[in-house]
Amino acid sequence: MCTIWRESAEGEIGLSEDCNLYFWGYRRPDGRVGVRNHVLILPTITCAAQTAQRITELVAGTVSFIHQHGCAQVGADYEQTFRTYVGLGSNPNVYGVVVLGLGCETHQAHAVAQAIAKTGKPVEVVSIQDHGGTLSAIAHGAKIAAQMVQDASCLMRERVSVDELIVGTECGGSDACSGISANPAVGYVSDKIVDAGGTAILAETTELIGAEHLLAARAVDDRVRRRVYEVIEAMERRAFAMGVDIRTGNPSPGNIKGGLSTLEEKSLGAAAKAGSRPLSELVEYACRPSAKGLVWMDTPGHDIEQLTGMVAGGAQVVLFTSGRGTPTGSPIAPVVKVATNTRMFERMRDNMDFNAGTIIEGTETIEEVGERLFREMLAVCSGKLTKAEILKQHDFGIWRIGPTF
Amino acid sequence: MEKHARAIVLNPKDSVAVALTDLPAGTFVTVNVGGTMSEIRLEQAIEFGHKFAVRPIAKGETVLKYGEAIGRATSEIRPGEHVHVHNLEGIRGRGDRLVRGL
């Protein structure tokens, strides 16, 4: 019924009569397709984060992020952080990476770079200590990045089927409308992606406590069903271990003001993002799904940690619903902000991309909004910028599962 | 959804309705309760997105929304009364109850 076309370099992204299951993307050496063409300055250690920022100020077309990780981490916590860095650099939205280290840190830049290089994309390492300080490291990193940016700009988008998409789904700053309007609309899109042979990621394990039985019932086999209950139990046990009512942390004060009274109520609304298709797989944080279809990634409900995990797992685009309004974005993936209610959409227009509030007003059905959202997603995949990208919301956070030593 | 509906009951099994606009106290709202259209008088003002009871709920009773359990009433609740954190508690993730030996 509609497709995205691009007539020429100056042409606009439009919709015309055709099959509606294609977008325009960048083919990478490993065969995966990106919806953006970033050069990523990846600081593997918090000590290098400022240097990475200075490079992005010098070189147009580069992105980076601020974080607190990369040192004095052990065991599974170390592995999870390592996996997140590698996943982010390997994401097909990234053309090439300048991995920036200090030199002495636990998460060695060379190891991260080697892992990312398996994708066949350009990867270089710059180490502050090796270059005798930040100013030289900035100059050296900027020179490498500038060349990468020019090389990246020679690539052209090609027509790609939606079965090559991994779509992350998320809700943040939820209200009572989330489970009635925006999340069911995202669920509609999730079903459409799955039916077309693509992958949709459902996450926020905390915000599935109380609704897990609904997902378990749709698991493709016993192993997936068991994993559902395992991750839910592990998340709930964390609240028990702290001796508190989980409601002191989740739902948030904003959720509660918006009408959500308990975690179970929030979870039942959140689960609507998963549509109705079978649950193919349950993956760990920042792990790339090996199966197509609907996949559950074990993440906390923390918006930015969840977003980072899904993008590190290979999600090229994220559909993010909100009732209260949030500006959150990713340095490398477009995040489409879907408002659950018209009041907030109008008020926070600067940060929101799409209004699902017409469902609440009864002027559109869930299916009509779902179709509209699917087409918006394809337009974004083909190049339409989201508000979070335009406003440089380069948010980043890793779900830490161990203490810093 | 009905155009400009003022409240909605999401499932016939539900004990609560969700206000789709700010509703003043004393408003009469017609909602579908267990398959029957019923008129409920709101005892309090109900804010957009907040819940009100559509049936009597006993203290300790499981409260249903979306046809599923969303928590337990901590006091008796009459139809038309606001249902929220002051009279509804969660059942899951209650580390505080473990500590108190409940």
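Remember, predicted model here, so these are calculated numbers, not experimental data.
Contact of B:V63 with chain A is not made at all, since no heavy-atom distance falls under 4.5 Å. Of the two parts of A:L268, the backbone and the side chain both hold a non-hydrogen atom closer than 4.5 Å to a non-hydrogen atom of chain B. For chain B, the nearby part of A:R343 is the side chain; its heavy atoms alone come within less than 4.5 Å. Contacts between B:A19 and chain A at a heavy-atom distance below 4.5 Å are absent for every atom of the residue. Interface remark: A:I366 contributes no atoms to any contact with chain B (heavy atom separation under 4.5 Å). For B:V85, the parts sitting under 4.5 Å from any heavy atom of chain A are the backbone and the side chain alike.
The nearest pair of heavy atoms linking A:K257 to B:E47 is NZ-OE1, 3.5 Å. Between B:G49 and A:A176, the shortest heavy-atom contact is O-CB, 2.8 Å. When all heavy atoms of A:E264 and B:I91 are compared, the pair lying nearest together is OE2-N, 2.7 Å. Here the shortest heavy-atom pairing between B:G93 and A:A239 reads O-CB, 3.9 Å.
One distance of note links CZ of B:F48 with CE of A:M344; it measures 10.0 Å at 0.5 Å rounding. To the nearest 0.5 angstrom, A:K266 atom NZ is 14.5 Å from B:I70 atom CD1.
Under the side chain to side chain donor-acceptor pair (under 3.5 Å) test applied with A:S261, the options B:H50, B:K65, B:K51 reduce to a single match, B:K51.
Contact count against chain A (heavy-atom pairs under 4.5 Å) is highest for B:H84 among B:H84, B:H4, B:E68. Interface remark: of the candidates A:A211, A:S267, A:G269, A:A272, A:G269 forms the most heavy-atom pairs closer than 4.5 Å to chain B. Per-residue counts of heavy-atom pairs under 4.5 Å with chain B were compared for A:G323, A:G259, A:P251, A:A241; the largest is that of A:G259.
No side-chain heavy atom of A:T262 sits under 4.5 Å from any side-chain heavy atom of B:R92.
Atom CD of A:E284 sits in a sparse spot, with 12 or fewer heavy atoms from other residues, nucleotides or ligands closer than 6.0 Å. With a 6.0 Å radius and a threshold of 12 heavy atoms from other residues, nucleotides or ligands, B:Q44 has its CD atom above the threshold.
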